[in-house]
*Asks:* 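One structure is given below, represented as structure tokens, and several questions about it will come after.
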Protein chains: 2
Amino acid sequence: MDEAATQRRLEQFESICHERGLPITVQRRVILETTLSLDNHPTADQIHEAVAERIAGISRTTVYRTLETLVRLGLITKACHPGGVTRYDRRIELHHHLVCMRCDAVVDISDDRFDALPIPDTSAYGFEVSDHQVQLRGLCKTCREKEEG
Amino acid sequence: MDEAATQRRLEQFESICHERGLPITVQRRVILETTLSLDNHPTADQIHEAVAERIAGISRTTVYRTLETLVRLGLITKACHPGGVTRYDRRIELHHHLVCMRCDAVVDISDDRFDALPIPDTSAYGFEVSDHQVQLRGLCKTCREKEEG
DNA sequence: TTAAGTGCAAAAGCTTTGCGGGTAG
DNA sequence: CTACCCGCAAAGCTTTTGCACTTAA
């Protein structure tokens, strides 16, 4: 993410914390900054590893807990994918995904027509929809080559 | 899933196994049948529990392994969702999802406009897209009530 | 007969919880 | 001062692996 966008997100983080009376700790700030710097829809463990380069000895627990907090505050989201690990997405605005159904890779894409999709009425299901996302599912290059080889 | 559709899928299962020289075992057949009977996008463990009512003492390992096999054969798929557990989807044809970002519930929906989406060229990413799916992300009724309460 | 599947036990990987001590506001 | 956060250790899930035995074809 570019520097300006990162800066804006950090400011958003500070004002939300002030609003809610949540302490701003070094750990939280660095975990957010680090997550914003990674574009692979990383797992909590991958984020922990990256954060540890700046805060030696930071605990996994703190990273797991903080990521959940950041999601709750709306500063990051969870990525939808077929695998069995939670993965985080630094993008909170409307966007879409290429998803590899073999290795679970997730790649961001943009598409105006996807953005403009009309959202049907879902009140019959009791759902309140806040967001939509198109997933193009298939195989990434690496997995396709393994398949053929 | 209705009986006719289930029957068709089981026949498909048999012919694919014959084609590839894979043995048709009782376990595999019952695991497939059971998965086709569940509409909650169940986890492997939930499927194991349901299968165990018909095959007492069936091992978790077998269920985990067989589900992966069935996915590879194209008889079921994995559901994309934000949580940290693998979940299976009995539907293999084009369809879409409501996803609760709090509790991870996944509900099937149909929408012709979603079906008809034009798929952009993704060759630049090396992906081969075989399928697409729209996810309407939000909160389910239960989670919304908890939120407010 | 033979390639493949099954079950068990154990290991590995991911995530949460309880609690004592520390820190931002 | 007080509420909330952090780190540790331990527990709890979920999933995979190696191996000996069994079974479909």
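Letters go in sequence order (proteins before strands), and every chain restarts at 1. Hydrogens, waters and symmetry mates are skipped; everything else that's a heavy atom, side chains included, is used.
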*Asks:* Could you go through B:Asp121 and B:Ser123, starting from their C-alpha distance and side-chain angles, then the distance that decides it, and tell me whether this counts as side-chain hydrogen bond (donor to acceptor under 3.5 Å, both in side chains)?
*Replies:* CA-CA 6 Å; B:Asp121 176 29; B:Ser123 52; 2.9 Å; yes
*Asks:* Would you list the pairs meeting salt bridge (charged side-chain N to carboxylate O under 4.0 Å, His left out) in which at least one residue belongs to residues 92-103 of chain A, sequence neighbours left out?
*Replies:*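 Output for this query lists A:Arg91-A:Glu93, A:Arg102-A:Glu147.
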*Asks:* Could you list by number each residue of residues 21-33 of chain A showing a heavy-atom separation from DNA chain D of less than 4.0 Å, or answer none if no residue does?
*Replies:* A:Leu22, A:Pro23, A:Thr25, A:Gln27, A:Arg28
*Asks:* Using heavy-atom distances to pick each residue's nearest nucleotide on DNA chain D, tell me which of A:Gly57 and A:Thr69 is more 5'.
*Replies:* A:Thr69
*Asks:* Hey, is the main chain of A:Glu14 close enough, under 3.5 Å, to the side chain of A:Arg29 for a donor-acceptor pair?
*Replies:* no
*Asks:* CG of B:Leu67 versus P of D:dT16: gap in Å, rounded?
*Replies:* 10 Å
*Asks:* To check you understand the geometry: which heavy-atom pair defines the closest contact between A:Arg137 and B:Lys78, and what is its length?
*Replies:*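 So the two residues come closest at NH1-O, 3.4 Å.
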*Asks:* Round to the nearest Å and state the distance from A:His81 atom NE2 to C:dC14 atom C1'.
*Replies:*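 It works out to 12 Å between those atoms.
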*Asks:* Are B:Leu117 and A:Leu136 grouped together when hydrophobic residues (ILVMFWY) are joined by side-chain heavy atoms under 4.5 angstrom apart?
*Replies:*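 Cluster IDs for B:Leu117 and A:Leu136 match.
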*Asks:* Starting at CZ of A:Arg20 and ending at C1' of D:dC5, how long is that distance when rounded to a whole Å?
*Replies:* 17 Å
*Asks:* So, does A:Asp89 use its side chain to make a donor-acceptor pair with the main chain of A:Ala79 at under 3.5 Å?
*Replies:*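 Side chain of A:Asp89 to backbone of A:Ala79: no pair is present.
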*Asks:* Which whole-number value in Å describes the distance from B:Gln46 CD to D:dC13 P?
*Replies:*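 In whole Å, D:dC13 P lies 14 Å from B:Gln46 CD.
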*Asks:* Distance check needed: C:dC14 P versus B:Asp104 CG, whole Å only.
*Replies:*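 The distance from CG of B:Asp104 to P of C:dC14 comes to 18 Å, rounded to the nearest Å.
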*Asks:* What string of B, S and - do you get for nucleotides 15-23 of chain C, 5' to 3', if B is base contact, S is sugar-phosphate-only contact and - is no contact with any protein heavy atom under 4.0 Å?
*Replies:* BBBB-----
*Asks:* Please state how far atom CD1 in B:Ile16 lies from atom P in D:dA25, giving the value in whole angstrom units.
*Replies:* 15 Å
*Asks:* Please say yes or no: joined through hydrophobic side-chain contacts below 4.5 Å, possibly via intermediate residues, are A:Tyr64 and A:Leu75 part of one cluster?
*Replies:*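 Per the 4.5 Å side-chain linkage, A:Tyr64 and A:Leu75 are not co-clustered.
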*Asks:* For A:Glu68, I'd like to know if atom CD has over 12 heavy atoms of other residues, nucleotides or ligands within 6.0 Å.
*Replies:* yes
*Asks:* With a 3.5 Å cut-off and no angle check, do the side chains of A:Asp108 and A:His96 form a donor-acceptor pair?
*Replies:* no
*Asks:* For A:Ile58 and D:dC5, give me the distance from atom CD1 to atom C1', rounded to whole Å.
*Replies:*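 Between C1' of D:dC5 and CD1 of A:Ile58: 11 Å.
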*Asks:* Round to a whole Å and report the spacing from CD of B:Glu19 to C1' of D:dA25.
*Replies:*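 Rounded to whole Å, this separation is 16 Å.
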